[in-house]
Amino acid sequence: MDGFEIDLEQTIDDLFGDEPFGIVDEQLFKWFIYSFVGNGRHIGTLDAPNYTLFKEKLVVLLDAVYKWHKDETG
């Protein structure tokens, strides 16, 4: 398990860098925290093919949510 923790810590360091975060990293960090401790923790139950499908659909969903928010704020 320790290897996974080291990989996660390294990924976080590589992705976010130092605080204060810019606007992109701030949003991304919020999504990360939700996925890490919220309902997103169940992602670990997916097998490899379903994880791949999840990632593909997540991009589509993220684009749709972004567009919806942009349209709502006009």
Side-chain angles (χ1 to χ4, degrees):
M1 182 87 169
D2 288 335
F4 293 114
E5 291 172 0
I6 292 168
D7 288 344
L8 179 59
E9 288 176 11
Q10 185 62 52
T11 299
I12 291 168
D13 288 343
D14 293 346
L15 204 59
F16 295 107
D18 296 328
E19 292 186 54
F21 295 147
I23 59 172
V24 171
D25 287 347
E26 189 173 317
Q27 286 300 313
L28 189 59
F29 192 75
K30 290 175 186 177
W31 282 62
F32 163 69
I33 291 299
Y34 174 78
S35 67
F36 190 66
V37 298
N39 287 332
R41 70 183 178 273
H42 300 293
I43 196 169
T45 63
L46 298 175
D47 59 12
N50 282 311
Y51 175 66
T52 299
L53 182 60
F54 176 83
K55 289 191 303 182
E56 291 168 0
K57 289 186 171 191
L58 183 60
V59 171
V60 173
L61 183 60
L62 184 58
D63 287 344
V65 169
Y66 176 78
K67 183 180 181 321
W68 183 83
H69 280 291
K70 292 300 283 184
D71 290 348
E72 285 294 305
T73 60

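Computed from a predicted structure; not experimentally measured.
- One hydrophobic cluster, built from ILVMFWY side chains closer than 4.5 Å, cannot hold both I33 and W31; they sit in different ones.
- Annotation: side chain of V59 is not in contact with side chain of L62 (no heavy-atom distance under 4.5 Å).
- Distance check, rounded to the nearest 0.5 Å: CD1 of I12 to CG of D7 gives 11.0 Å.
- In this pair, F29 and F16 present their aromatic rings perpendicular. The plane angle is above 60°, beyond the 30 to 60° band.
- Taking the six-membered ring where the residue is Trp, F54 and Y51 present parallel rings, their angle staying beneath 30° rather than reaching 60°.
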Exercise for the section: Any chance you could lay out the salt bridge (Lys or Arg N to Asp or Glu O under 4.0 Å) test for K67 and D63, step after step, and finish with the verdict? Expected result: CA-CA 6 Å; K67 183 180 181 321; D63 287 344; over 6 Å; no
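- Looking at heavy atoms from C-beta onward, F32 lies out of side-chain contact with L15 at the 4.5 angstrom threshold.
- Note on I43: it does not cluster hydrophobically with Y34, by side-chain heavy-atom contacts below 4.5 Å among ILVMFWY residues.
- Listed here is the closest heavy atom pair of F36 and R41: O-CB, 3.8 Å.
- Taken from CD in E26 to CG in L28, the straight-line distance is 11.0 Å, to the nearest 0.5 Å.
- Heavy-atom contacts from other residues, nucleotides or ligands closer than 6.0 Å to CG of D18 number 12 or fewer.
- Atoms CG and CG, on L8 and D13 in that order, are 9.5 Å from each other to the nearest 0.5 Å.
- Minimum heavy-atom separation, D25 to F21: CB-CB, 3.8 Å.
- Under a cut-off of 6.0 angstrom, the local environment of CG in L58 is crowded, with over 12 non-hydrogen atoms contributed by other residues, nucleotides or ligands.
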